[in-house]
2 protein chains.
Amino acid sequence: MDMKIKIVDVATKAGVAPATVSRVLNDSSKVTPKTKAKVMKIINELGYQPNAAAKNLRSQKTMTIGVVVPDISNSYFSEVIKGIGNIAYSKKYKVVICDTENNAEKELEFLNLLTTRTIDGVIMVAPMLSNEIILNFADHEYSIGIVGRQIDHERIPCILTDNVKFSMQVISHLVGLGHREIAIINGSSHAVDSSNRLEGYLKALKEHQIPFHPELIENGDFNETGGYEAFKRLLAKKIRFSAVYSANDEMALGVYRACSEHGIQIPMQLAVVGVDNNRISKYLNPPLSTVNQPKYTMGALLVEKLIDMMNENEDAENRILKVESELLIRGSSDYKIKGRE
Amino acid sequence: MDMKIKIVDVATKAGVAPATVSRVLNDSSKVTPKTKAKVMKIINELGYQPNAAAKNLRSQKTMTIGVVVPDISNSYFSEVIKGIGNIAYSKKYKVVICDTENNAEKELEFLNLLTTRTIDGVIMVAPMLSNEIILNFADHEYSIGIVGRQIDHERIPCILTDNVKFSMQVISHLVGLGHREIAIINGSSHAVDSSNRLEGYLKALKEHQIPFHPELIENGDFNETGGYEAFKRLLAKKIRFSAVYSANDEMALGVYRACSEHGIQIPMQLAVVGVDNNRISKYLNPPLSTVNQPKYTMGALLVEKLIDMMNENEDAENRILKVESELLIRGSSDYKIKGRE
DNA sequence: AGTTAGAATGAAAACGATTTCAATATAGTA
DNA sequence: TACTATATTGAAATCGTTTTCATTCTAACT
């Protein structure tokens, strides 16, 4: 290949010192317009590109941030990534992505890129790791941001929506349609999101003076299959319910499948509401009611905050970012019914 | 933060030279089991992690490969990425992703990571850049792999399916259902894929002795909106056609929308077949017939080949990888009809 | 013109690993 | 035991920048 040209090559050809070339490129210290022009001319002539590794080594930063997501093919996460990517890109940061496939070990291993200084910071979207582990990294001065969960550490920016609040909205909406036996297919029971959503569910029931039946709670794994199986378990209990609140759209997909197998008509016999506004949801038959979170914005705002904090442009005051969700009522819950055996 | 420990710290504490520690870590040259154990013990004790930038600089590689896709939220691309990511990961490579949002400039700019040595190689999925530009990079000894297009350069591995072949299958399938006026919504007219798909379309018509009507061809931009608009243009021509072959599922989504607006029944009044087997397709109403490409496998095989070629483990003989596609017949084309005005 | 403050530039150190090459230890053979 | 061939180890160079600190230049002021 063509011998890679180095900063010293540019320097000698331009008749200056390497330091000057560096200064031209990073316009840090002042350089005379004249020498700047001279150096730039040579840089273009030679097509010089600074070596990233050398730069990283000397400057002690890599200008890249990592993003860990449970599943890149889920549109929720890919939208968040888009937001992160665009903002990062505009600030000259690169983005390396890790799709953990819901594997906590892989998530942990990815965090090692922090310790090897391969990345300057990391954004964890709906992390699987315990707060404890994450806090430990933050204690060691690594930069971490979280999407979708709140972690209390002054170095960790978080962005989230109010799970309790929108869950109450969902339930209220269903109650408004006449439902009183409302099942919930929640995420895995130890996830913080899940407990918040359950809290909203319970709070709303209470508000509407509807008795709570513990049998109406099931947990899935946030996947289509998990939703399918959870719904089958609900059916097996032979209890009355006329609506299902699914903790995400993906699991609602499983509910749809089970319903079609059992000949249950949505929304006439069963109302369904999900969360996430997955790309698929509006194309379902009937279109799925869901809670829309501003995914792109969440990614964008958080990465901005994280970069600011990394560069110490920001006080740690408002490191908890909250955004509003919105209930989208579609065909899967637009029908007033009485109930179902 | 805790003072980052370096290889020399490990070395002194273990009573050996830095070189030995390096050898233990990279088990290249032989080290006595005894000293190896001694060094490993200290490494673990101190929790030593080698600095990536220093490593990259000295070894002249970064162990990361870049991936450029037009749209990360399209399940076609995210599946390819999954395949790439998993294999790369297993070979100790990191993956940097660039979502170009169909922006050719962004694609070009990303290739700069090659010249700055930020990445060791790059995989372009359905690239927008001209062959010329890509070939130029390859000529400068940069490692590039292509998914979904064939580029003739001994250094560029490619993986693709036979567009002509599966297009013929699609058309034959439609003809088998009794269709004789078959419209095609192709990709942008200058894309190689598009011309291949058109070739397959024409070839199949000829084979079945069906006259070709140029008005039945429209081009979209591979997005929902593009498909919608292309279909509207077809309708505006007031010509007879009873089936549409859409160059991807995304555009077929637009066809569905237009049909629902115009009260056109799929598949009774119009058969629709797409390409890609997008995650959404089987959930549509009716489910969309489509051509499935082994996306995950394509990503996986190509990255494997690319890495092999980068490390010169491989001759350049079989750098063109071909995989089979499969026509999935679903509800959007399972109805025999005569035609439509 | 001479002095000096401040700006522009250069020389050399530093970043933290790998790798080459020389030196030493080990084992095998006579 | 002495010698040689080989396997381990260490010293020092190296990768290509940025940055510190010293030096030179410029211009402004007396």
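In the text below, chain A, chain B and the rest are named by the order of the sequence lines, each starting its count at 1.
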Original post:
Just to confirm, is there a sub-4.0 Å distance from OP1 or OP2 of D:dA7 to any side-chain nitrogen or oxygen of B:Lys30?
Top reply: no
**OP:** Give the rounded distance in Å between these two atoms: NZ of B:Lys34 and C1' of D:dT9.
**Re:** 13 Å
Original post:
C:dG16 P sits how many Å from A:Lys55 NZ, rounded?
Top reply: 18 Å
**OP:** Is it possible for you to check whether A:Lys6 lies under 6.0 Å from the centre of the six-membered ring of A:Tyr48, through NZ or CZ, and within 45° of that ring's axis?
**Re:** no
Original post:
What is the distance from CG of B:Asn56 to P of D:dG16, rounded to the nearest Å?
Top reply: 13 Å
Original post:
Would you find more than 12 non-hydrogen atoms of other residues, nucleotides or ligands less than 6.0 Å from B:Lys91 atom NZ?
Top reply: yes
**OP:** Counting heavy atoms from C-beta on, name the nucleotide in C:dG10, D:dT19, D:dG10 closest to the side chain of B:Arg23.
**Re:** D:dG10
Original post:
For residues B:Gln293 and B:Thr161, is any side-chain donor paired with an opposing acceptor at under 3.5 Å?
Top reply: yes
Subject >> Candidate nucleotides D:dT17, C:dT19, D:dT19, ranked by approach to the side chain of A:Pro50 - the nearest >> reply: D:dT17
**OP:** Would you please confirm or rule out a distance under 4.0 Å between OP1 or OP2 of C:dG10 and any side-chain N or O of A:Thr20?
**Re:** yes
**OP:** Starting from P on C:dT20, measure out to CZ on B:Arg58 and report it in whole angstrom.
**Re:** 7 Å
Original post:
B:Ser59 side chain N/O closer than 4.0 Å to the phosphate oxygens (OP1, OP2) of C:dT19?
Top reply: no
**OP:** Ignoring backbone atoms, establish whether A:Gln60 has a side-chain N or O less than 4.0 Å from OP1 or OP2 of D:dT19.
**Re:** no
Original post:
Nearest of C:dG10, D:dG16, D:dT18 to any side-chain atom of A:Leu57?
Top reply: D:dG16
Original post:
So does B:Asn26 get a side-chain nitrogen or oxygen closer than 4.0 Å to the phosphate oxygens (OP1/OP2) of C:dT18?
Top reply: yes
**OP:** Figure out the CG/P separation between A:Asp9 and D:dC15, and round it to whole Å.
**Re:** 12 Å
Original post:
Over how many whole Å does the gap from B:Gln49 atom CD to C:dG16 atom P extend?
Top reply: 15 Å
Original post:
Looking at A:Thr35, does any N or O in its side chain come under 4.0 Å of the phosphate oxygens OP1/OP2 on C:dT9?
Top reply: yes
Original post:
Could you give the CG-to-P distance, from A:Asn51 to C:dG16, as a whole number of Å?
Top reply: 17 Å
Original post:
Are A:Asn86 and B:Lys106 close enough that a side-chain donor and a side-chain acceptor fall under 3.5 Å?
Top reply: yes
Original post:
Looking at B:Tyr48, does any N or O in its side chain come under 4.0 Å of the phosphate oxygens OP1/OP2 on C:dG16?
Top reply: no
**OP:** Evaluate the side-chain proximity of B:Leu302 to B:Pro157: yes if any heavy-atom separation is below 4.5 Å, no if none is.
**Re:** yes
Original post:
Are the side chains of B:Ile72 and B:Ile97 in touch, meaning some heavy atoms are under 4.5 Å apart?
Top reply: yes
Subject >> Members of residues 36-45 of chain A that approach DNA chain D, where some heavy atom sits under 4.0 Å away >> reply: none
